Protein chains: 2
Amino acid sequence: MKILVADDDRDLLELVAFMLVQDGYLALKAGDGPSALSIFAAEAPDLLILDINMPGLSGFQVCEEVRRTSRVPVMMLTVRGEEEDLVRALELGADDYLNKPFSPRTLLARVKALLRRARLEVASPVSAGRLKLDLEEHTLQIGAQPAIRLTKLELRLLQVLLANHGRAVSSDRLLIQVWGHRGAGDRELLKQLVHRARQKIEREPANPEILQTVPGAGYRLLVD
Amino acid sequence: MKILVADDDRDLLELVAFMLVQDGYLALKAGDGPSALSIFAAEAPDLLILDINMPGLSGFQVCEEVRRTSRVPVMMLTVRGEEEDLVRALELGADDYLNKPFSPRTLLARVKALLRRARLEVASPVSAGRLKLDLEEHTLQIGAQPAIRLTKLELRLLQVLLANHGRAVSSDRLLIQVWGHRGAGDRELLKQLVHRARQKIEREPANPEILQTVPGAGYRLLVD
DNA sequence: CCGGTTTGTAACCGGTCTATAACTGACGAG
DNA sequence: CTCGTCAGTTATAGACCGGTTACAAACCGG
């Protein structure tokens with residue numbers, strides 16, 4: 001489940017993304033309005049969390065633009081007391097709003113409620129090239145081969161890599177997206193996870209064709 | 001379509017009821033918690049709209065009480081800023097929430113969405129493949145075998161799984177759909193319920209052919 | 001009120017999954 | 001050449017998950 005968060009407050013952006021990742025979502029980050037729109041177009045996230053106060057393109061404008069083409073659930077972040085903002089957000093088609101500051105529990109509860117309302121609580125299979133990842137079944141299908149069962153972590157790893165297939169994803173980012181950031185020495189975990197994943201999905205685990213290493217940079221998923 | 005509205009704010013109560021009636025619904029009005037419960041018992045409405053802040057019996061308590069016997073859709077009215085309330089409402093099994101103040105359009109849209117969802121669930125296929133579920137008789141028939149009597153919970157479990165037959169349904173979702181809430185120790189309940197259901201419906205409960213486990217993901221019903 | 005049924009709670013077990021550490025080989029810098 | 005780093009591999013202990021058994025509490029029909 002991909003969620004796009006847009007906020008110009010760097011700290012808050014990281015914090016929200018962190019909370020989402022902790023709860024099992026895949027978080028996409030945008031620091032301003034224009035990049036929110038381009039990420040939205042490129043990644044087709046399942047939910048948007050937009051700060052209203054962003055320089056350049058405000059959350060309102062992003063929401064308005066998104067609503068021209070999509071009914072994706074939108075949650076607005078507002079500053080407490082701005083009654084006008086709230087009304088306008090709802091007029092523009094936002095589905096919910098949250099007053100800053102908010103607690104992690106609140107944010108997650110509302111995100112979950114919104115997704116449920118959008119009936120997206122049931123995740124649909126994600127596919128690219130000859131790879132098809134079924135988030136419900138926890139399986140990966142390669143071409144016409146029988147589906148391979150994956151564990152939770154393997155699924156998350158492949159989900160992140162698949163969302164960026166063809167491009168290298170840094171180890172740091174993988175750590176954050178899969179585990180939700182830990183100590184510096186946790187590269188061991190990633191090493192292990194990649195190894196186990198390769199045992200399962202590669203024809204020849206020693207010469208990976210799908211889950212490839214990009215020396216010094218991270219890993220990359222090739223889909224064809 | 002009967003809708004029960006409970007609010008101690010007389011004006012708001014009348015207003016909401018008026019909006020509903022305007023839109024073609026039959027509105028039942030309750031000025032406090034206890035009368036909401038008694039009207040609910042007497043009239044069996046199709047949807048509940050509960051204000052959280054009511055003297056005597058709060059909307060929480062009403063919701064909790066109603067959920068002991070019914071899965072009727074519940075919408076909570078919350079005051080803007082009371083984030084904790086919202087979290088609690090969703091945990092108690094409320095289906096949606098609305099922040100006051102709200103626009104008539106929003107209210108009606110959400111009411112409509114809730115009713116549509118509820119109707120879909122009720123009208124969902126009672127039979128699929130060789131399985132036939134009789135919701136009145138509380139029985140399950142497999143192929144041409146004699147019908148098997150089911151308890152309330154078993155019936156609900158199979159109803160949800162049957163509505164999604166062939167696909168894995170997550171444990172979280174099952175908990176919410178069967179019990180109406182989700183808590184810490186509830187994993188045990190599901191484990192038990194599945195075990196009991198298998199004893200009844202499977203030819204060989206240790207090697208289930210119908211009610212299968214999807215490791216790490218949940219359970220799945222196979223109908224043929 | 002009684003007795004059976006249904007539901008909730010707990011303990012136990014075996015298998016799987018995850019975290020952690022140690023070892024190996026490849027590679028590049030000095 | 002030697003050292004340090006990086007990625008892959010192997011090994012293992014503990015956590016976690018799902019199934020099972022047992023029993024207590026709540027509920028229900030007579």
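Numbers restart at 1 for each chain; the letters A, B, ... are given by sequence-line order, proteins then strands. Here the structure is a predicted model, which means the values were calculated and not measured.
- Distance, B:L155 CG to C:dT6 C1': 14 Å, rounded to whole Å.
- When the C1' atom of C:dT7 is taken as reference, atom CG of B:D186 falls 13 Å away, rounded to whole Å.
- Residues A:R196 and A:T151 are not in side-chain contact: their nearest non-hydrogen atoms beyond the backbone lie 4.5 Å or more apart.
- Every salt bridge (Lys or Arg N to Asp or Glu O under 4.0 Å) that A:K200 has, sequence neighbours left out, goes to A:E154.
- A straight line from CG of A:L190 to P of C:dA19 spans 11 Å, rounded to a whole angstrom.
- Remark: A:E202 engages no residue in a salt bridge (Lys or Arg N to Asp or Glu O under 4.0 Å) (not counting sequence neighbours).
- Residues that satisfy the side-chain contact (heavy atoms from CB on, under 4.5 Å) test with B:R203, not counting sequence neighbours, are B:Q145.
- Of the two residues near DNA chain D, A:Y219 and B:V194, the one whose nearest nucleotide lies more 5' is A:Y219.
- In terms of position along DNA chain D, the nucleotide closest to A:G216 lies nearer the 5' end than the nucleotide closest to the other residue of the pair B:P208 and A:G216.
- Put simply, NE2 on A:H195 is 19 Å from P on C:dA21, counting in whole angstrom units.
- Scanning for side chain to side chain donor-acceptor pair (under 3.5 Å) contacts around B:E136 gives an empty result, with sequence neighbours left out.
- In this view, B:D224 satisfies the side-chain contact (heavy atoms from CB on, under 4.5 Å) rule with no residue, not counting sequence neighbours.
- With sequence neighbours excluded, the residues satisfying salt bridge (Lys or Arg N to Asp or Glu O under 4.0 Å) with B:D96 are A:R117, B:R110.
- Of the inter-residue distances, the one linking B:Q177 atom CD with B:L161 atom CG reads 9.5 Å to the nearest 0.5 angstrom.
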Checklist entry - Can you give one letter per nucleotide of nucleotides 24-30 of chain C, going 5' to 3': B for a protein heavy atom under 4.0 Å from the base, S for sugar-phosphate only, - for none? => result -------
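- Summarising the geometry, atom OG belonging to B:S171 is positioned 12.0 Å from atom CG belonging to B:L189; distances are rounded to the nearest 0.5 Å.
- Taking every nucleotide of DNA chain D with any atom under 4.0 Å from a non-hydrogen atom of chain A, the first and last of them, 5' to 3', are D:dA7 to D:dA11.
- Considering only heavy atoms from C-beta on, A:L157 comes within 4.5 Å of A:L190 through its side chain.
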Residues 27-45 of chain B side chain polar contacts: donor-acceptor under 3.5 Å, at least two apart:
unit_1 : atom_1 : unit_2 : atom_2 : d
B:K29  : NZ     : B:E14  : OE1    : 3.2
B:D32  : OD1    : B:S35  : N      : 2.9
B:D32  : OD1    : B:S35  : OG     : 2.8
B:S35  : OG     : B:D32  : O      : 3.1
B:S38  : OG     : B:S35  : O      : 3.2

Between the protein and nucleotides 14-18 of chain C, list the N/O to N/O atom pairs that are separated by less than 3.5 angstrom.
unit_1 : atom_1 : unit_2 : atom_2 : d
C:dC17 : OP1    : A:R149 : NH2    : 3.1
C:dT18 : OP2    : A:T151 : OG1    : 2.9

Using atom types as modelled, flag every donor-acceptor pair under 3.5 Å from a side chain in residues 206-223 of chain B to any protein atom, sequence neighbours excluded.
unit_1 : atom_1 : unit_2 : atom_2 : d
B:T213 : OG1    : B:R198 : NH2    : 3.3
B:R220 : NH1    : A:E137 : OE1    : 2.5
B:R220 : NH1    : A:E137 : OE2    : 3.4

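- The NZ atom of A:K191 sits 13 Å away from the P atom of C:dC23 (whole-angstrom rounding).
- Salt bridge absent: B:E64 and B:R67 never bring a charged side-chain N and a carboxylate O closer than 4.0 Å.
- Helix-axis bend for the helix from C:dC1-D:dG30 to C:dG30-D:dC1: the local axis fitted to the five terminal pairs at one end deviates from that at the other end by 30°, rounded to 10°.
- Straight-line distance from the CG atom of A:L175 to the P atom of C:dA19: 11 Å, rounded to whole Å.
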